[in-house]
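Structure, as structure tokens:
Chain letters run A, B, ... following the sequence lines, proteins first and then strands; every chain starts at 1. All of these numbers come straight from a predicted model, not from anything done at the bench.
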Number of protein chains: 2
Amino acid sequence: MFSKACEYGIRAMIYITAASKEGEKMSIKDICHAIGAPEHFTAKILQDLSRKKLVSSLKGPSGGFFMEDEQRNITLMEIVEAIDGNSLFTGCGLGLKQCSELHPCPIHNKFKSIRDSLQKMLMETTVLQLTQNLEKGLVFLKKN
Amino acid sequence: MFSKACEYGIRAMIYITAASKEGEKMSIKDICHAIGAPEHFTAKILQDLSRKKLVSSLKGPSGGFFMEDEQRNITLMEIVEAIDGNSLFTGCGLGLKQCSELHPCPIHNKFKSIRDSLQKMLMETTVLQLTQNLEKGLVFLKKN
DNA sequence: TTAATAAAAGATAAAAAGGTCTTAAATTAT
DNA sequence: ATAATTTAAGACCTTTTTATCTTTTATTAA
Ligand code: FES
Ligand code: FES
């Protein structure tokens, strides 16, 4: 469904949001250890998200990644779009050059309905919301 | 969502089912021309589906791909599983090693719900059904 | 100001996906 | 039988994705 980059990106964003609630900054090493993701690869993803202002970072000792106040309500949709683009939401399920009501593929209606539910879910879900159950220990960002 | 191989595979299966209603056989060249897919790549996919008995084929002059009676009611799910496997339906949306109710990721419930709708749709939709609107000229397997 | 720290950036590489080309095998019609 | 046709199979190539390693830049603390 999502690319590996997107999966790591979402998990990292959730972790950073949860772990930096008091303005603390998390190093890429800590983040990747916590979410079980490859360090350098995830660093690149976060650098990209940082350029796109979805996360903040500071170099040097006591530096790291953190969330600015206005970044606390970022939706999953924003992260997915930033990393994977919007082809999942605008593209044809059977790979036609474009998804179109005027030139639909055989599964257009059924596919569009599911695609729209996914998009709706991603737009309605904020990273901050997802940190709630994480703090309660009900959900996890890493296998074991 | 689906791999290119899966997209071509589904489109080819729909075309073969529609075009071979009288027991005619379609050559890989005709199929690929009709659905706008790369010939050799699609041939491999159909060979694989043929080994898995989702489509039938015969070599030689007047040979080609066709559907046996019992193959006319194949579902999209069977095709997707044959080509892409079932990781889309059993895997974790955030890439945890396994999707589990006991060790869920933060989006497990919301993701599972959408994943299940997709699976349900694919299980309920047969290739034969999709040929109806195709014959009416209401839907298309190729851009232009 | 210097040394330590941590992200940023770039080079490189391995793996997977996507696609092409050539040869082999089976079938049919002559 | 032979030649033509068409799928089957395998080798090969390209691009994208995933991942690692090294160097640079910014920041902090001593
Ligand atoms: S045209 Fe295929 S999903 Fe819309
Ligand atoms: S655990 Fe992530 S989707 Fe089920």
**OP:** Round to a whole Å and report the spacing from CG of B/D48 to P of D/dA9.
**Re:** 10 Å
Original post:
Which whole-number value in Å describes the distance from B/I45 CD1 to C/dG19 P?
Top reply: 8 Å
Between the protein and nucleotides 25-30 of chain C, are there any N/O to N/O pairs under 3.5 Å, and if so, what are the atom names and distances?
from   : atom 1 : to    : atom 2 : distance (Å)
C/dA26 : O4'    : B/K59 : NZ     : 3.4

Subject >> side chain to side chain donor-acceptor pair (under 3.5 Å) partners of B/D48, counting only residues at least two apart >> reply: B/K52
Original post:
For D/dA8, does OP1 or OP2 lie under 4.0 Å from any side-chain N or O of B/R51?
Top reply: no
Original post:
Separation of B/H40 atom NE2 from D/dT14 atom P, in whole Å?
Top reply: 16 Å
Subject >> Nearest-Å distance for atom pair CZ/P, residues A/F66 and D/dT27 >> reply: 11 Å
**OP:** Using a cut-off of strictly less than 4.0 Å between a heavy atom of the residue and any atom of DNA chain D, enumerate the qualifying residues of residues 15-30 of chain A by number.
**Re:** none
Original post:
To the nearest 0.5 Å, what is the distance between CD (B/E78) and CG (B/L54)?
Top reply: 6.0 Å
Subject >> Approximate separation, where rounding is to 0.5 Å, of B/L46 CG and B/C32 SG >> reply: 7.0 Å
**OP:** Please answer: with hydrophobic residues joined when any side-chain heavy atoms are less than 4.5 Å apart, are A/L58 and A/M67 in the same cluster?
**Re:** no
**OP:** For B/E7 and C/dG18, give me the distance from atom CD to atom P, rounded to whole Å.
**Re:** 8 Å
Original post:
Can a side chain N or O of A/S57 be found less than 4.0 Å away from OP1 or OP2 on C/dA8?
Top reply: yes
Subject >> Derivation of the salt bridge (charged side-chain N to carboxylate O under 4.0 Å, His left out) call for A/K112 and A/D116 >> reply: CA-CA 6 Å; A/K112 187 171 191 303; A/D116 289 353; 3.2 Å; yes
**OP:** Among residues two or more places apart or on two chains, list those pairs meeting ring pair (Phe, Tyr, Trp, His ring centres under 6.0 Å) that have a residue in residues 22-77 of chain B.
**Re:** B/Y8-B/F41
Original post:
From A/R11 CZ over to A/L130 CG, what is the distance, rounded to the nearest 0.5 angstrom?
Top reply: 13.5 Å
Subject >> Point-to-point distance, once rounded to the nearest 0.5 Å, from CG of B/L118 to OG of A/S117 >> reply: 10.0 Å
Subject >> Rounded interatomic separation in angstrom, taking NZ from B/K44 and C1' from C/dA17 >> reply: 13 Å
Original post:
Tell me: CZ of B/F65 to C1' of D/dT5, nearest whole Å?
Top reply: 14 Å
**OP:** Using the side chain to side chain contact (heavy atoms under 4.5 Å, CB included) rule, take A/T75 and A/L122 through it: C-alpha gap first, then chi angles, then the decisive distance, then the call.
**Re:** CA-CA 7 Å; A/T75 64; A/L122 294 175; over 6 Å; no
**OP:** Nearest 0.5 Å please: distance from the CD1 atom of B/I107 over to the SG atom of B/C92.
**Re:** 6.5 Å
Subject >> Interatomic distance, B/Q47 CD vs D/dG10 C1' [rounded to whole Å] >> reply: 10 Å
Return the polar atom pairs (N/O with N/O) between nucleotides 16-18 of chain D and the protein under 3.5 Å, or none.
from   : atom 1 : to   : atom 2 : distance (Å)
D/dT18 : OP1    : A/K4 : N      : 3.1

**OP:** Name all pairs fulfilling the side-chain hydrogen bond (donor to acceptor under 3.5 Å, both in side chains) condition that reach into residues 59-68 of chain B, sequence neighbours left out, sorted by first residue then second.
**Re:** B/S56-B/E68
